[in-house]
Amino acid sequence: MTQSPHQTPALPASEVRALSRALSAGDVTVFVDGTALRLPAAARDAVLDLLVRLGRGEDVVITSGAAPGGEAPAAAGRAPADASAAREPAPAAGSNVPLLTTSQAAAAAGISHTYLRNLTDAGVIPVEYRGTHRRIRLSDVEAWLRDQQAARTARAANGETPGGQ
């Protein structure tokens, strides 16, 4: 399937300055649907190249093509050739739902990773293991957060104090 190139015009001067400041500060955290994502090295470099060009006020055109050496881009479902990509959390078997590390899940919930591990140990938040590494679905973290909010609302409706006394 051939896709048309996507052209993005140069950013306004104020956005160019803000992007340049962020890049010079070294802040390259990527969030996808509210989840921090560590990109494989090649993807990180491509995204940074794009951002640097936009930060210089350049127009940018994005297109796909053959990889260096004339190889076609990797087919969907094929195992990644890049070793760093293989270390990223994998979707659950038969699922497109990404699994988060404990640090990623804790950041999404706004809690410490130690508290999150305690919650998974207690069975409060479901966990899957990849070897000895815990992997948690974002939907399970979000469900726990909704339960916490509902419990706070119920306590407030009953006139209880935030500490539960």
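Just so it is clear, the values below take in all heavy atoms, side chains as well, and ignore hydrogens, waters and symmetry mates.
Residue pairs meeting the salt bridge (charged side-chain N to carboxylate O under 4.0 Å, His left out) criterion with at least one partner in residues 100-119, sequence neighbours excluded, are absent.
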Identify each donor-acceptor pair in which a side-chain atom of residues 49-59 lies under 3.5 Å from a protein atom, sequence neighbours left out, and give them as a table.
| unit_1 | atom_1 | unit_2 | atom_2 | d |
| --- | --- | --- | --- | --- |
| Asp49 | OD1 | Arg53 | NE | 3.2 |
| Asp49 | OD2 | Arg53 | NE | 2.9 |
| Arg56 | NE | Glu58 | OE2 | 2.8 |
| Arg56 | NH2 | Glu58 | OE2 | 3.0 |
| Asp59 | OD1 | Ala10 | N | 2.8 |

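Val141 is listed as a side-chain neighbour of Ile136, based on a closest heavy-atom distance under 4.5 Å. Between His133 and Thr101, the closest side-chain pair of non-hydrogen atoms is not below 4.5 Å.
Following chains of ILVMFWY side-chain contacts shorter than 4.5 Å, one cannot reach Val47 starting from Val61, and the two form parts of different hydrophobic clusters.
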(message) side-chain hydrogen bond (donor to acceptor under 3.5 Å, both in side chains), that's the test. Do Thr120 and Arg134 meet it? Break it down for me.
(response) CA-CA 9 Å; Thr120 61; Arg134 299 166 206 246; 2.8 Å; yes

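The pair Arg137-Glu128 counts as a salt bridge, with a side-chain nitrogen and a carboxylate oxygen less than 4.0 angstrom apart.
Counting all heavy atoms, side chain and backbone alike, Arg146 lies closest to Ser139 at NH2-O, 4.5 Å.
Leu119 contributes atom CG, which lies 12.0 Å from atom CG of Asp140 (distance to the nearest 0.5 angstrom). Leu99 CG to Tyr129 OH: the interatomic distance, rounded to the nearest 0.5 Å, is 13.0 Å. Taking CG from Leu116 and CD1 from Ile111, the interatomic distance works out to 4.5 Å, rounded to the nearest 0.5 Å.
The closest side-chain donor-acceptor pair between Gln149 and Arg152 falls under 3.5 angstrom.
Among residues two or more places apart in sequence or in another chain, the side chain to side chain donor-acceptor pair (under 3.5 Å) test is passed with Gln148 by none.
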